[in-house]
Amino acid sequence: MSLSPAGPAIETLGLHKRYGQVQALHGIDLSVRRGEMFALLGPNGAGKTTLFSILSTLLKPSAGTAQVLGFDVVRQRAEIRQRMGIVFQEPALEQKLSVRDNLRLMGLFYGLSFRAARERSEILLDKLGLKDVAKRETQKLSGGQKRRLELGRSMVAQPEILFLDEATLGLDVDARRNFWAEVRDFVHAGGTVFMTTHYMEEAEVADRIALIDGGQIIALDTPKQLQSLVGGGVILLATEDDVRAAAWLREQGYTPEASERGLLLVNNDPATVLPALLGAMPVKTLRAEVHEPSLEDVFLKLTGRGLDTRFGQPPQDLHGDPQ
Ligand SMILES: Nc1ncnc2c1ncn2[C@@H]1O[C@H](COP(=O)(O)OP(=O)(O)OP(=O)(O)O)[C@@H](O)[C@H]1O
Ligand SMILES: [Mg+2]
């Protein structure tokens with residue numbers, strides 16, 4: 001198989017998707033570089049899976065265009081499918097097959113020879129720490145092992161781009177860390193990753209993040225740049241006498257806010273300001289911490305709502321009917 005043409009890994013222009021009366025995507029313009037780890041972050045119903053499905057050629061857009069690895073997602077689906085790996089939000093493993101056979105089957109599905117499928121499967125079993133359970137029926141794996149196997153399956157045919165939709169849903173912290181370590185290896189080897197998540201900690205591992213809400217991209221940048229939209233950092237100071245400390249801080253031109261844990265100061269340059277404050281403050285400090293603004297803070301600032309499911313809002317309904 002020839003390598004894909006040069007140019008961006010993903011490029012979309014004015015993508016729209018409508019399901020009956022629901023407008024799930026409202027004009028998505030996006031460009032993802034080769035070798036980039038790109039995250040789509042947004043609340044439930046924001047349109048993540050819809051965009052993911054269009055880019056991975058499983059769903060046709062209602063309007064607009066999209067290219068993946070230089071190929072059109074509607075007219076050149078086969079070209080894209082040969083070069084991509086995919087992990088779905090819903091599990092897609094053959095439960096009755098062994099772990100090893102799941103990998104081999106996927107290799108054959110992608111058109112590898114028996115021999116190549118066997119070889120790739122052994123490499124991945126080793127790499128993903130699944131050698132000890134290679135003979136086990138897939139349905140008897142732990143949740144973390146199943147997700148790792150899904151990742152393995154998506155990488156059997158050595159894809160150029162990986163699509164991951166909420167790929168670590170339900171995993172504990174350790175299993176997630178392992179999962180992302182594997183994905184990072186793939187990126188270090190030159191692969192491109194397009195992932196969706198509604199966990200902000202996961203999005204932070206990406207090179208760039210698009211925040212999506214109601215079918216529109218509301219911000220797109222590096223995690224650091226997005227966080228800076230909120231402005232610098234948050235300094236927390238617990239002192240022997242917070243009232244006196246607050247009065248002194250106000251004299252210095254700061255605007256401290258009292259909280260249960262101490263005084264909070266939003267500041268553009270906490271790394272410089274905090275040591276200076278600690279050196280000069282007339283009250284003994286018991287604890288000092290600096291917090292980065294989180295992506296949750298950014299989303300809140302831009303939309304007035306959190307990323308949490310409970311606050312998620314369905315996208316615009318064209319006719320105002322209940323969904
Ligand atoms: N097949 C479908 N038919 C009708 N409406 C759909 C269909 N699939 C999705 N939708 C609607 O389109 C909107 C976007 O859904 P989508 O699955 O893309 O969201 P999401 O961001 O992936 O959400 P989640 O975080 O819950 O996975 C939602 O309002 C959803 O109800
Ligand atoms: Mg989804």
Side-chain angles (χ1 to χ4, degrees), residues 10 12 14-30 32 37-64 66 68 73-74 77 84-93 143 146-147 150-151 154 161-171 176 179-180 183 193-206 208-220 226 294-296 298-300 302-323:
I10 297 176
T12 78
L15 268 193
H16 283 78
K17 180 66 190 180
R18 181 201 291 244
Y19 298 107
Q21 298 182 344
V22 178
Q23 186 79 47
L25 296 180
H26 284 274
I28 302 281
D29 298 323
L30 193 66
V32 175
M37 186 157 171
F38 191 91
L40 198 58
L41 175 69
N44 288 138
K48 300 182 297 297
T49 297
T50 301
L51 179 53
F52 173 92
S53 304
I54 291 174
L55 294 176
S56 54
T57 75
L58 304 172
L59 189 69
K60 283 188 186 168
S62 312
V68 171
V73 294
V74 179
R77 284 190 300 188
M84 74 179 195
I86 188 163
V87 178
F88 294 102
Q89 189 164 358
E90 304 295 333
L93 295 167
K146 279 185 187 160
R147 281 278 129 182
E150 298 241 22
L151 183 63
S154 76
I161 186 164
L162 270 188
F163 288 103
L164 310 174
D165 193 13
E166 309 272 353
T168 61
L169 210 63
L171 292 191
R176 275 198 215 173
F179 186 94
W180 291 118
V183 173
V193 171
F194 182 88
M195 60 183 267
T196 79
T197 179
H198 58 263
Y199 295 129
M200 58 176 182
E201 325 86 67
E202 292 207 335
E204 278 166 12
V205 305
R208 287 191 307 154
I209 302 170
L211 293 180
I212 183 168
D213 188 38
Q216 284 175 313
I217 290 177
I218 54 170
L220 195 167
L226 285 175
S294 69
L295 290 169
E296 177 92 33
V298 178
F299 195 83
L300 201 66
L302 294 174
T303 66
R305 285 174 290 112
L307 280 167
D308 193 294
T309 311
R310 284 167 297 163
F311 305 112
Q313 197 171 278
Q316 188 179 321
D317 183 328
L318 294 179
H319 296 268
D321 299 332
Q323 285 180 50

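All values below were derived from every heavy atom in this structure, side-chain atoms included, with hydrogens, water molecules and symmetry-related copies excluded. Count residues from 1 along the sequence. Atoms within each ligand, like the ligands themselves, are counted from 1 in listed order.
Among Q89, E202, M195, the single residue meeting the side-chain contact (heavy atoms from CB on, under 4.5 Å) criterion with L164 is M195.
Taking any N or O of V22, backbone or side chain, none lies under 3.5 Å from an N or O belonging to ligand 1. Note: no N/O pair closer than 3.5 Å links A24 and ligand 1 by distance alone. Here's the thing with G47: one of its N/O atoms is less than 3.5 angstrom from an N/O atom of ligand 1.
Using a distance-only test at 3.5 Å, with no hydrogens or angles considered, no donor-acceptor pair links the side chain of K60 to the main chain of V73. Remark: side-chain polar atoms of K48 are not paired, donor with acceptor, to backbone N or O of L40 under 3.5 angstrom.
Evaluated by nearest non-hydrogen atom to atom 28 (C) of ligand 1, the leading choice among A46, G214, G45 is G45.
Around the Mg ion (ligand 2), protein atoms of type N, O or S found under 2.8 Å number 2.
Looking at R147 and V87, their side chains come closer than 4.5 Å, going by heavy atoms from C-beta outward. Under the 4.5 Å side-chain criterion, counting only non-hydrogen atoms from C-beta, F163 is in contact with L55. Side-chain contact between I10 and F38 is absent, with no heavy-atom pair separated by less than 4.5 Å. Contact annotation: the side chain of F52 never approaches that of L59 to less than 4.5 Å [non-hydrogen atoms, C-beta and beyond]. Side chains of F194 and L30 form a contact here, defined as non-hydrogen atoms less than 4.5 Å apart. In this structure, V183 and V205 have side chains that are not in contact, with every pair of non-hydrogen atoms separated by 4.5 Å or more.
Set against the non-hydrogen atoms of T49, the atoms of ligand 1 under 4.0 Å away are 17 (O), 18 (O), 20 (P), 22 (O), 27 (O). Set against the non-hydrogen atoms of Q89, the atoms of ligand 1 under 4.0 Å away are 27 (O). Counting atoms of ligand 1 from 1 in the listed order, those under 4.0 Å from a heavy atom of K48 are 18 (O), 19 (O), 20 (P), 21 (O), 22 (O), 23 (O), 24 (P), 25 (O). When each atom of ligand 1 is checked for a heavy atom of T50 under 4.0 Å away, the hits are 14 (C), 15 (O), 16 (P), 18 (O).
By the 30° and 60° cut-offs, the orientation of the rings of H16 relative to H26 is perpendicular.
Every heavy atom of G215 sits 4.0 Å or more from the atoms of ligand 1.
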